[in-house]
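Read the structure below first, then the notes.
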Amino acid sequence: MTRTAIRRDFLTFGAPSIGSAEMDEVAATLESGWLGTGPRVARFEQDFATYKGVAQAVAMNSCTAALHVSLASAGVGPGDEVITTPLTFCATVNAILHVGATPVLADVDPRSMNLAADRIEAAVTSHTKAILPVHFAGRPCAMDEISALAHDRNLVVIEDCAHAIESEYHGRKTGTLGDFGCFSFYATKNMTTGEGGMLLASTPEASEHARRLSLHGMSRDAWKRFSADGYRHYEVVEAGFKYNMTDLQAALGIHQLTRLEGFWLRRKEIWNQYQEAFADLPLVLPAEPEPETRHAFHLYTILVDERRSGLTRDEVLVELTGRNIGVGVHYLALPEHAFYQRKLGWDPDRWPNATRIGRQTVSLPLTPRMTDADVAYVIAAVRKVFGAGPVPGASSIPGAP
Ligand SMILES: *Cc1c(COP(=O)(O)O)cnc(C)c1O
């Protein structure tokens, strides 16, 4: 690759697609004088609930907040164990620590990269209170098995749907399969409010409790205390958190949600293009989606085995970044972090599948903002890094390095 062939601008990993409708709504919100939790949050919650086919959704300022509130609302606390995956973002496990409970890891299935039901079962003890599955990369977990296990052992199920807004499993939507579903609208997620999250609960009581916990533990609709309906006194019922979403964030979310299906189709197209273009490379590619499921195509991850490819994972990260391609690592297994080793005595060798994946994985750019030329550039660069020529049978690719 000659130097001049490297694209001039950096292809930012996970850069969102923000349209004029989002921008106009943000401007209208600023002009409205109501920036905090208000009518736009209420509308976004209703729109999201409708999208998921449920009665209520509770907007939060992050998925981390939604996870914390779900655990608190479920009554998980000191002395309780929560089973989750080592192959996740630290927020999943930190939320468990924030309620004073103990995270217990079960290894992932190497093919799906999701929690394996038999490993969960092996991790259950008399202290287990909840299971916290993560639908990794947007691929739904084996929820039939997880729900059956939870039912048998009387465990709460909290779905971490940060990657899985559009996912479905056996005809049902992720986030509605367990007792709680937690979504992220962080900047790199499949739709964004800059920062933001959403909580779904399986009962109206749990929804109301979650809503209260997200706003200082104040009694219902406390945000309306400044509205034209007249001043309302509120009562503090418990010590809640400051996790409410603002109308500025919801202004983005309302329009991102209407564009989500279009985003998903484009993600699917790019994901499939990568699958085809890398089929002959010395790499492990993601498994195809399972039948009767909908994959959200949040991440496209390749596994780099140095013995097969002659390159280390970190060399691949350096090579691609050097070609102005933003890449990600999802994730170094959580037991690799010294903090968790010290605090919880975790040793990466105990979860060999997650540990190996975490040491081999590279996430390639995958967003609806990418042009065909961007995708072609990434494909050509990845092929070049692994010593392969253009895609066999492909004609000259525009924008290729
Ligand atoms: C992004 C992410 C979170 C945290 O989401 P925030 O909205 O940033 O708090 C939690 N879990 C997983 C798996 C994530 O990818």
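Note that this is a predicted model, so its numbers are computed, not measured. Whatever order the structure lists them in is the order used to number ligands and atoms, beginning at 1.
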Could you tell me which atoms of ligand 1, counted from 1 in the order shown, lie closer than 4.0 angstrom to a heavy atom of [X]?
{"X": "G196", "result": "7 (O)"}
{"X": "D160", "result": "10 (C), 11 (N), 12 (C), 13 (C)"}
{"X": "T64", "result": "4 (C), 6 (P), 9 (O)"}
{"X": "C63", "result": "4 (C), 5 (O), 6 (P), 7 (O), 9 (O)"}
{"X": "A162", "result": "2 (C), 3 (C), 10 (C), 11 (N), 12 (C), 13 (C), 14 (C), 15 (O)"}
{"X": "T88", "result": "13 (C)"}
{"X": "V134", "result": "13 (C)"}

*Which one of W271, Y300, F136 satisfies the ring pair (Phe, Tyr, Trp, His ring centres under 6.0 Å) criterion with H295?*
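Going through the options one by one, the only one that passes is W271.
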Do [Y] and [X] have ring centroids that are under 6.0 Å from one another?
{"X": "F48", "Y": "F185", "result": "yes"}
{"X": "Y51", "Y": "F183", "result": "no"}
{"X": "H330", "Y": "F13", "result": "yes"}

*Say whether F183 and ligand 1 are in contact under the criterion: heavy-atom distance to a ligand atom below 4.0 Å.*
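Heavy atoms of F183 never come under 4.0 Å of ligand 1.
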*Would you call K189 a ligand 1 contact, heavy-atom distance under 4.0 Å?*
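In this structure, K189 qualifies as a contact of ligand 1 - some heavy atom is under 4.0 Å.
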*Less than 4.5 Å apart, any side-chain heavy atom of L97 and any of K343?*
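SC-SC contact between L97 and K343 confirmed.
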*Is the closest side-chain heavy-atom distance between V284 and F278 below 4.5 Å?*
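They are not in side-chain contact.
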*How far apart are the closest heavy atoms of L200 and A57, and which atoms are they?*
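Here L200 and A57 meet closest at CD2-CB, 3.5 Å.
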*May I ask which of C182, S184, A91, A187 has a heavy atom nearer to atom 6 (P) of ligand 1 than the others do?*
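Among C182, S184, A91, A187, the closest heavy atom to atom 6 (P) of ligand 1 comes from S184.
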*Run the salt-bridge test on D374 and R369 with the 4.0 Å N-O cut-off and return the result as yes or no.*
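R369 and D374: not salt-bridged.
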*Measure T92 to ligand 1 on non-hydrogen atoms and call it side chain, backbone, both or neither using the 4.0 Å cut-off.*
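Contact part for T92 vs ligand 1: side chain (C-beta onward).
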